[in-house]
**Q** 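Sending over a structure as C-alpha cells; questions will come in a sec.
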Amino acid sequence: MPKGTQTGSGTAGDPYGSAAYAVSKAPSGSTIVLRGGRYREYVYVGYNKALTIQAYPGEAVWFDGSSPVTGWVKSGNVWVKTGWTHRFDHTVSFTAGMDETRRFVDGTNPLAGYPDQIWINDKPLTQVGSASAVTAGTFYVDEGGKRLLVGSDPSGKKVEASTLTRAFKIQGKHTTLRGFGVERYATTLSMMGTVTAEVDDITFENMVVRDNATVGVFAWNDVKKFHRVTLQGNGLLGLGANKVAGLALTDSIIRGNNTQSFKPAPVSGGVKITDSNDVRIDGNIVDDNDSAGVWFDINSRDVEVTSNTVADNRTAGVQLELSQQATVADNVFSRNGADIHVMNSGDVRIWNNTIDAGGRAILFWQDERRQTNTALKTVAPWVLDDVVVRNNVISFSTESGSCPILAQDIERRLAGAGVGAWMENNLYYRRDSSTPTNLACWANGSSGTKSLKTLSEVAAFTGNDKSSALWTGSPILTSSLALRSDVLTTPRASLGGLPSDIAATLGVGAGTKRPGAFTAPLDR
C-alpha cells in the first residue's frame, strides 16, 4: 500500500507500507503486487534480485515524484510558499560533475536544464529566471530565500511540485515492471533517466512514463523489451539506450517529448539509441516529438524499423546516423521535418513506406566523419553507401520545400550515381510540374548540389528511378493516407519483389509487389 512506511508483513491482509520496503524484503523470484494509489518514493532493485513488480488488477498505480504544496500567501501580484528547501542540480551532462549545458541548451529555453516542476490543477507552469519575471502561468524558485513563487492564483486548487529525482534504478537481472505509471520526477540528466534499466534482461509492459524533467527511461546492457509503453511529455527524451544487444520497442506510444526545448543535438526527442545492435522498433506510434522521432547513432547496426506511424516530429521521423545495416519498411510517415534521414550510414534498405511529406521526404547525407575505431572500420565505416529505396509511395505537398529529396555531400566529392543511394520502383506525387520546384537536389561534386526538376532528369543524372512513376493532379493519398483506388488499378511504376527476409519480418509473402506501406489503408 502507498503509505510511505516501513511497516507490514507483506500479506494481502497486512501489506507492506511502501514499494521500496517491499522490494527490500522480497527474495529473488518474487512478484510484488501494488495496490492502487500514489507512491511518492524511489525504488532500487539491487543486484542478484530478479523481481516482477506489477499493479493489482483493475487498480491505478502511479509513482509520483511530486508532492502537494500548501501554505501559499499572496504578495503583490504573486503567491509565495516559504520554507522551500528542495534543491536540484541545474547542470546538464550525462557525466556527473561535468557542466555541458551549452551543448544541450540554447536561448529558446535557457532554463531547460532546471529540473524544477510545478503543476496547478495538473496544468504545468513554466519556470522563469527571476522573481520579477513571474506572471500568470509561470513560477520561480528563490533558492537563497527558500521560496517558491507562482504567478497563478493557487487558492482552492491542487498545487504539486517535484520533490524526488528518480523513480526506479534496476540493477537486478530478469526484472519486469508491469501495469503502472511513473510521472513528475525532477531527474537530472547525469542520473540518465527517471527509470534506468542497467542490467541484462529487463522488461517493461503496459507502462506509462510521462512528464519527467529530462529522460523518461534509459537502458544499457543487453536484452531490453518495451511492450505497450507510453513515453510522453518528458523534458528531454522519451527513451534512451546505449550499448544494448537485443532491444525491442513494440506496440508503444512515444509522443510529445522534449517539452523543455533542448537543442536537437546532441540528443532530444522521442527515442535515441546509440552503439547498439539487434534492435527492433515495430508497431509504434511516434509523433509530436520536438526533435527526432527515432534516432540511431554511433555504431548502431542490425536495426529494423517496421510498421510504425511516424508523424509531426520536428527534425526527423527516423534518423540513421553513423550506423550500418538497417531496414526501414512498412511505415507511414507524415509531416516530419525530414521523414527519413540517412547520414553517414550504409547497407540501409527502405522498402514499402508511405510518405506524406510535409517537409523533406528523404535526406541522404555524407560529411567528413569516418570511423576511427580500427575494430569497427568494416562493421560501421560511417560511409553513405548501399542505401536502397524501393516500392515507396512518396507524396510531396506544397510545404515540402524546394528539395523534397536531397542528397548532400559536405566534402563535395560525390556526384550523381556515386552518392551510394539507389532509388527504384517508387511512386511519386506532386501537384503539378513546378510544385514543389524540384523533385530532387543531388550532390554534384565540387559544383555543390544540382537541381533535378523531372523524373527523367533524376534518372539521367543519378541513374535512379528509371522504373519509378510520377503522378500529378489530384492527390494520390486520401486524408487517411490510403492510396487512391485508381492509382492501384492503373499502375505506372514497375514494382520490385519484396526480399524474403523483409517479407518474413512483415508477415507477407516473399516477392510481394505493392506500392507503399502494407499497414496503410487501401482506398477500395
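Index from 1, following the sequence.
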**Q** Got a sec: does the CG of Asn373 have more than 12 other heavy atoms crowding it under 6.0 Å?
**A**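 Check passes, neighbour count above 12.
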
**Q** Among Val294, Val271, Leu249, which residue meets the side-chain contact (heavy atoms from CB on, under 4.5 Å) test with Val286?
**A**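 Of all the options given, the one that passes is Val294.
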
**Q** Going by salt bridge (Lys or Arg N to Asp or Glu O under 4.0 Å), Arg301 matches just one of Asp275, Asp278, Asp347. Which one?
**A**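 Single salt bridge (Lys or Arg N to Asp or Glu O under 4.0 Å) partner of Arg301 among Asp275, Asp278, Asp347: Asp275.
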
**Q** Taking distance alone, no hydrogens or angles, what donor-acceptor pairs closer than 3.5 Å link side-chain atoms of residues 213-223 to residues at least two apart or in another chain?
**A**
unit_1, atom_1, unit_2, atom_2, d
Thr214, OG1, Thr187, O, 2.8
Asn221, ND2, Glu198, O, 2.6
Asp222, OD1, Ala245, N, 3.0

**Q** Is the closest basic N to carboxylate O distance between Arg228 and Glu205 below 4.0 Å?
**A**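 No, no charged N to carboxylate O under 4.0 Å.
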
**Q** Does atom OH of Tyr42 have more than 12 heavy-atom neighbours, drawn from other residues, nucleotides or ligands, at distances under 6.0 Å?
**A**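 Counting neighbours around OH of Tyr42, more than 12 heavy atoms of other residues, nucleotides or ligands fall under 6.0 Å, so yes.
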
**Q** Do NZ/NE/NH1/NH2 and the carboxylate oxygens of Lys272 and Glu321 come within less than 4.0 Å?
**A**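 No, Lys272 and Glu321 are not salt-bridged.
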
**Q** Quick one: pull up CH2 in Trp72 and NZ in Lys81 and give me the separation to the nearest 0.5 Å.
**A**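 One gets 8.0 Å once the value is rounded to the nearest 0.5 Å.
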
**Q** Decide, yes or no, whether a salt bridge links Asp339 with Arg360 under the criterion of side-chain N to carboxylate O below 4.0 Å.
**A**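 Result for this pair is no, no salt bridge flagged.
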
**Q** Less than 4.0 Å between a side-chain N and a carboxylate O, is that true for Glu304 and Arg349?
**A**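 Here Arg349 does not pair with Glu304 in a salt bridge, since their nearest N and O are not under 4.0 Å apart.
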
**Q** May I ask you to check whether over 12 heavy atoms, not counting those of Lys157, lie within 6.0 Å of atom NZ?
**A**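 Correct, the count exceeds 12.
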
**Q** Indicate yes or no: does Asp201 engage Lys173 in a salt bridge with an N to O separation below 4.0 Å.
**A**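 So Asp201 does not pair with Lys173 through a salt bridge.
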
**Q** Could you check whether Asp116 pairs with Arg87 (Lys NZ or Arg NE/NH1/NH2 to Asp/Glu carboxylate O, under 4.0 Å)?
**A**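 No, no charged N to carboxylate O under 4.0 Å.
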
**Q** Give the intermediate values and the outcome of side-chain hydrogen bond (donor to acceptor under 3.5 Å, both in side chains) for residues Gln371 and Asn299.
**A** CA-CA 9 Å; Gln371 180 65 260; Asn299 304 325; 2.8 Å; yes

**Q** Go through the steps for Phe168 and Phe63 under the test ring pair (Phe, Tyr, Trp, His ring centres under 6.0 Å), then give the verdict.
**A** CA-CA 9 Å; Phe168 280 85; Phe63 283 81; 4.8 Å; yes

**Q** Pick out which of Asn212, Asp288, Asn289 makes a side chain to side chain donor-acceptor pair (under 3.5 Å) with Asn257.
**A**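 Testing Asn257 for a side chain to side chain donor-acceptor pair (under 3.5 Å) against Asn212, Asp288, Asn289 leaves exactly one candidate, Asn289.
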
**Q** With Ser190, which residues qualify under side-chain hydrogen bond (donor to acceptor under 3.5 Å, both in side chains), at least two apart?
**A**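 Partners of Ser190 under the side-chain hydrogen bond (donor to acceptor under 3.5 Å, both in side chains) test: none.
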
**Q** Taking Ser152 for its side chain and Gly137 for its backbone only, find out whether a donor-acceptor pair lies under 3.5 Å.
**A**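 Checking the backbone N and O of Gly137 against the side chain of Ser152, a donor-acceptor pair under 3.5 Å is found.
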
**Q** Does a salt bridge link Arg184 with Asp211, judged by any charged N lying under 4.0 Å from a carboxylate O?
**A**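 Looking at Arg184 and Asp211, the cut-off is not met.
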
**Q** In a check of side-chain contact (heavy atoms from CB on, under 4.5 Å) between Glu160 and each of Ile118, Val69, Asn121, Asp64, which one passes?
**A**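 Per the side-chain contact (heavy atoms from CB on, under 4.5 Å) rule, the option paired with Glu160 is Asp64, out of Ile118, Val69, Asn121, Asp64.
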
